[in-house]
Amino acid sequence: MSTSNYKFITALLNDPKLTASDRDRIILLIGRELERKNKEFVTEDRLKDFVTMEKLEEIIASHCSSDAKIGHANSGNKKDLGSTIHAPQEIVNFLKLFSSSSSALKYTTHTWDKTSDGSFAYSSYDDFMKQCEEDFYVKQRDVDKNNRIYKCNQSLYYMIQNFLFRKEYKANQKGWGIYGKNDIKLGYSYPPNALKKWMDENPDKQPGAMPLSILPEELRPIVNKKVLGYFEEIGLLFKKEIQFRGNDLYNDVKRIFASADYEINAQKLETLQGVEFYTCTRQFKSALYLVKDNILARLSEHNRVDIYAEIHDEGNEAEKFVDICIDQLGSFSDKNVKDDKLMLKGNIGQIGDIKKKLVSLCDFFIESRFKIKGKKDFARIDYLKDADISKEPEITKIKNCDGFKYCFRFYL
């Protein structure tokens, strides 16, 4: 460990807010982390992303029993979901870097540009990865030195980190992507030194040209019954993790909601065709499966479902977004609008699970008919809207609605 790393950790452990037991747990966890990562991986930038008070709270919570979670002394208002914030537009702006010539991240999924003398913009694998680290770790820090992507959505953060920088996996650990039966671990740093070695031996080539035949057979994904042949195809798979492109959204939604138990309006479903936006596609699809479960649970008399997109991208609009709406027609809630499940109290009900999957990916609200002050009335309940995700859901009366509607607002 470098001297600067040591000073940083020492300063952290001297924080007067820590109890003695908290310090012991932090030391234990840092030790495990350093054992898990080889020396080359543990740079000061990465360690600072890993070792901060807020991140230690979350990591320790996942390693320790529920009655031994770390917390600041005399703290009485911890958020249910840790320090996570809801900032979907910030995530969209970050993911757009994977298509922006201003960032090295673009060239993890695109061919490298050439300079005026015909050479590549990056002199080597090491030069390229250094720029990726700068764009992913350093430039995404806020004023408190916390990584903003981690703070917005940890699953997205780790998925990207694993694709770019992870060098080791334990036997039971999943990779950054799953396609069919493929658990994809292959990335820019895994297997260790594989891509680096090939590029050092082929200085006139770029990463996408590496043939996957040089790797162990178990690392070569099979997609659509075809064994992938080049590393550029791995980059294309990764792009599907961070953006719905072409008819991807339409095809995924059609597949997820395929069922003989209810009728979907085919014409409205077609409004999803060609709809493109940046997000963590896997998490959104996971949330859609929960919506489907809820629909199936309320099918007794309400078997008509509308799924459609409403696009707001006119030049004069302050915010550009697309609403993906799923409306179970005639299926009204009629519960008290302050019902514990609707207000997400007691960690019960699937709406809370849907919310957790979508933090900083999209705004999320439902519309239906509820009991409000003893009378049936129509209302909208916003679950993801403000940055503070610990706030009670916001209730707004509306004129009417057609059933029980889920709406997911993705910013463009």
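Numbering of residues begins at 1 and proceeds along the displayed sequence.
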Does the pair Arg409/Asp323 count as a salt bridge with the N-to-O cut at 4.0 Å?
yes

Distance-only, no hydrogens or angles: does the Tyr308 side chain make a donor-acceptor pair with backbone N or O of Asn265 under 3.5 Å?
no

Does the Ser368 side chain pair with the main chain of Ser333, one donor and one acceptor, at a distance under 3.5 Å?
yes

Assess the side chains of Gln161 and Tyr137: does a donor N or O sit below 3.5 Å from an acceptor N or O?
yes

Is a donor from one side chain sitting under 3.5 angstrom from an acceptor on the other, for Gln154 and Thr84?
yes

If we ignore hydrogens and angles and just use 3.5 Å, is the side chain of Thr281 paired with the main-chain N or O of Gln243 as donor and acceptor?
no

For Phe136, is there any backbone N or O sitting under 3.5 Å from a side-chain donor or acceptor partner on Asn147?
yes

Among all residues two or more places apart in sequence or in another chain, which pass the ring-ring contact (aromatic ring centres under 6.0 Å, His included) test with Tyr188?
Phe128, Phe163, Phe231

Pair Lys130 + Glu134, salt bridge at N-O below 4.0 Å
no

Does the side chain of Asn93 come under 3.5 Å of the side chain of Tyr411 through a donor N or O and an acceptor N or O?
no

We want to know whether Lys357 and Ser286 form a side-chain donor-acceptor pair, criterion being a heavy-atom distance below 3.5 angstrom.
yes

Which pair of non-hydrogen atoms, one from Leu358 and one from Gln283, has the smallest distance, and what is that distance?
CD2-O, 4.4 Å

Ring centres under 6.0 angstrom apart (Phe410, Tyr278):
no

Excluding sequence neighbours, so at least two apart, what forms side chain to side chain donor-acceptor pair (under 3.5 Å) with Asp340?
none

